[in-house]
There are 2 protein chains.
Amino acid sequence: MREGPDIARIASLVGDPARANMLTALMGGTALTASELALEAGVSLPTASSHLAKLMDGGLLTLASQGRHRYYGLAGPQVAGMIEAIIGVAEAVGPKRVRPGPRDAAMRVARVCYDHLAGEQAVAMLDRFVDRKLLLREEGEIRLSPSAISHFAALGIEIDSKVRRPVCRACLDWSVRRSHLAGALGAAILDKIIAEKWARREKDSRAVVFSQKGRQAFERVFLT
Amino acid sequence: MREGPDIARIASLVGDPARANMLTALMGGTALTASELALEAGVSLPTASSHLAKLMDGGLLTLASQGRHRYYGLAGPQVAGMIEAIIGVAEAVGPKRVRPGPRDAAMRVARVCYDHLAGEQAVAMLDRFVDRKLLLREEGEIRLSPSAISHFAALGIEIDSKVRRPVCRACLDWSVRRSHLAGALGAAILDKIIAEKWARREKDSRAVVFSQKGRQAFERVFLT
DNA sequence: CGCATGGTTCGATCCATATCGAAGCATTCC
DNA sequence: GGAATGCTTCGATATGGATCGAACCATGCG
């Protein structure tokens, strides 16, 4: 018998198929309502409600009430990171898929990871930022260089360095085994990509597909 | 309903208290027998055996038979990483402990993480290696510099760069939120620390406590 | 105010699985 | 070979929890 943090409690919350589906859906980053999550998980509304109550009680979700709608979202980056880690093991351990389908290919190129961009595109972008000395890798974490604030401001991305959440965070990528950019800056960049309509979210998936022009614009702005 | 990797299956394996205790015990890095794990988990031998079969089936453990002993160990660094991530969330979400006890303090200073050293000591060591340009941080990963092989060889640590497992890996630390050194080199260094009797493993814990002399030796060799 | 919609609570059912005792294999030691 | 140790399998039990229908709140709209 050992004491310590109740890891079984947390893991068992993720360990039910219905709840796992809900959490996976929320990895898309947008908060969802109970009915949407019920549909996502393939269970009835009462069942979903009960699961959501458990997840809330376990501290894995946050709730934002807006009128008669109640939006559930992941409680934070740490929870998202844990789920990505579990996904990583499940991928590694699960049946080796012979050939990744088209959606999987799209997922590998670019996908949403909670609130920021992940996949090959995201990895390339982070590398480029470091090459251009906009970001500095330090002690396994990432920091803003002095020139970064004005640079990103010129692109319409205001970085509020006073924000409590770490501005940058190196988040391991489970398809490409390298880091991509999370944190407030990562989230802001994803926002811009969507706002500028450079890319759209694939329906019912975390995949992000760029349009022809969008890709060019993205590369011009972030990859040169 | 969504397809994809069976994350619920993996999480539910960790989600049982008995299995969670076993996995936590195995985070100590040494492979253990079924009876030892039964004791750790506080269940009978048949129950433990059943759990171990499930964990094996799920690909979370490896088994090494030696005579009539059968040693169970974590399947790999990825699994260890997942468990650390879950521990991290459980710590964050669980009851805020008012004051960390003495064992927790020791854990924060130095502990075993699967097969290498973690905690403040380990973080300091990695920083020092980078300062001395023995290791190079690149793309969120860590690589050996040319001078590293001879340097570590002089300390009695042979680095076989042909080994399939990544030589170095930046592994996030959940007490100190920074990287420490995992991988084959990290494992070799921990081996040396124990072999030289600079430190001993705390009984029934992942904590590693240095002796007076051991600490001095460690600092002389690795932190200067 | 009355109705519709989104969501939760309650109660009953039912299935999965954690548990242990006893028995069965396997390996080593004498 | 026989006894002892380490571990797994089998069988029976019991308990936790996932599930849904129906009834019950709450918010917004006309």
Side-chain angles (χ1 to χ4, degrees), chain A residues 1-2 6-26 30-75 90, chain B residues 1-2 6-26 30-75 86:
Chain A
M1 286 289 205
R2 0 188 87 237
D6 197 348
I7 130 174
R9 176 172 143 78
I10 301 300
S12 69
L13 282 174
V14 189
D16 175 83
R19 286 194 293 263
N21 283 332
M22 291 177 175
L23 291 168
T24 309
L26 290 173
T30 53
L32 299 172
T33 66
S35 8
E36 289 169 320
L37 287 167
L39 199 68
E40 212 45 76
V43 293
S44 74
L45 229 164
T47 306
S49 186
S50 145
H51 284 307
L52 290 169
K54 286 185 175 66
L55 288 170
M56 285 292 297
D57 191 53
L60 265 49
L61 298 185
T62 52
L63 175 57
S65 288
Q66 283 180 19
R68 64 177 157 185
H69 293 272
R70 315 190 73 191
Y71 290 96
Y72 290 92
L74 293 186
Chain B
M1 285 287 207
R2 2 189 82 236
D6 197 348
I7 131 172
R9 176 172 144 77
I10 301 300
S12 70
L13 282 174
V14 189
D16 175 83
R19 287 193 294 264
N21 283 333
M22 291 176 175
L23 291 168
T24 309
L26 290 172
T30 53
L32 299 171
T33 66
S35 9
E36 289 170 320
L37 288 167
L39 201 67
E40 279 297 336
V43 294
S44 74
L45 230 165
T47 305
S49 186
S50 145
H51 284 307
L52 290 168
K54 287 186 175 66
L55 288 170
M56 285 294 297
D57 191 52
L60 264 49
L61 297 185
T62 52
L63 175 58
S65 289
Q66 283 180 19
R68 65 176 155 185
H69 293 271
R70 315 190 73 192
Y71 290 96
Y72 290 92
L74 293 186
I86 299 175

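The analysis underlying the following values was restricted to heavy atoms, covering all of them including side chains, and did not include hydrogens, waters or symmetry mates. All values reported here derive from a predicted model rather than from experimental measurement. Below, chains carry the letters A, B, ... as their sequence lines are ordered, and counting in each starts from 1.
When the C1' atom of C:dT19 is taken as reference, atom CZ of B:R19 falls 12 Å away, rounded to whole Å. Counting to the nearest Å, the P atom of C:dT17 and the CG atom of B:L55 are 14 Å from each other. As a whole-Å value, the separation of A:E36 CD from C:dT5 P is 17 Å. Following rounding to the nearest Å, B:M56 (CE) and D:dT9 (P) show an atom-to-atom distance of 11 Å. Here the P atom of nucleotide D:dT8 and the CG atom of B:L61 are 12 Å apart, to the nearest Å. As a whole-Å value, the separation of A:N21 CG from D:dA18 P is 14 Å. Residue A:L39 contributes atom CG, which lies 16 Å from atom C1' of C:dG7 at whole-angstrom precision. C:dA16 atom C1' lies 13 Å from atom NE2 of B:H51, rounded to whole Å.
Within the 4.5 Å cutoff, side-chain heavy atoms of A:L23 are placed close to those of A:L55. Within the 4.5 Å cutoff, the side chain of B:Y72 has no heavy atoms near those of the B:L32 side chain. Contact check for B:L37 versus B:L26: side-chain heavy atoms found under the 4.5 Å cut-off. Taking the side chain as every heavy atom from C-beta outward, B:L61 and B:R19 never approach each other to under 4.5 Å.
In this structure, B:R70 reaches the D:dT8 phosphate: one of its side-chain N or O atoms is under 4.0 Å from OP1 or OP2. For D:dC20, the OP1/OP2 oxygens have a side-chain nitrogen or oxygen of A:T47 closer than 4.0 Å. Between A:S44 and D:dC20 there is a side-chain N or O to OP1 or OP2 distance below 4.0 Å. Not one side-chain nitrogen or oxygen of B:K54 sits closer than 4.0 Å to the OP1 or OP2 atom of C:dT17.
Nucleic acid contact for A:Y72: sugar-phosphate only, since backbone atoms but no base atoms lie under 4.0 Å from a heavy atom of the residue.
Side chains of B:S50 and B:T47: no donor on one and acceptor on the other come within 3.5 Å.
In the set D:dT19, D:dG6, C:dT19, D:dT19 carries the atom at the smallest distance from any side-chain atom of A:D16. If you check D:dT8, C:dG7, C:dT19 against the side chain of A:A34, the one that comes closest is C:dG7. Side-chain proximity of B:S35 to C:dG21, D:dC20, D:dC7: nearest is D:dC7. Comparing atom distances between the B:L45 side chain and each of C:dT19, D:dC7, C:dG7 picks out D:dC7 as nearest.
Along DNA chain C, the nucleotide nearest B:V43 and the nucleotide nearest A:L52 are compared for position; the residue whose nucleotide lies closer to the 5' end is A:L52.
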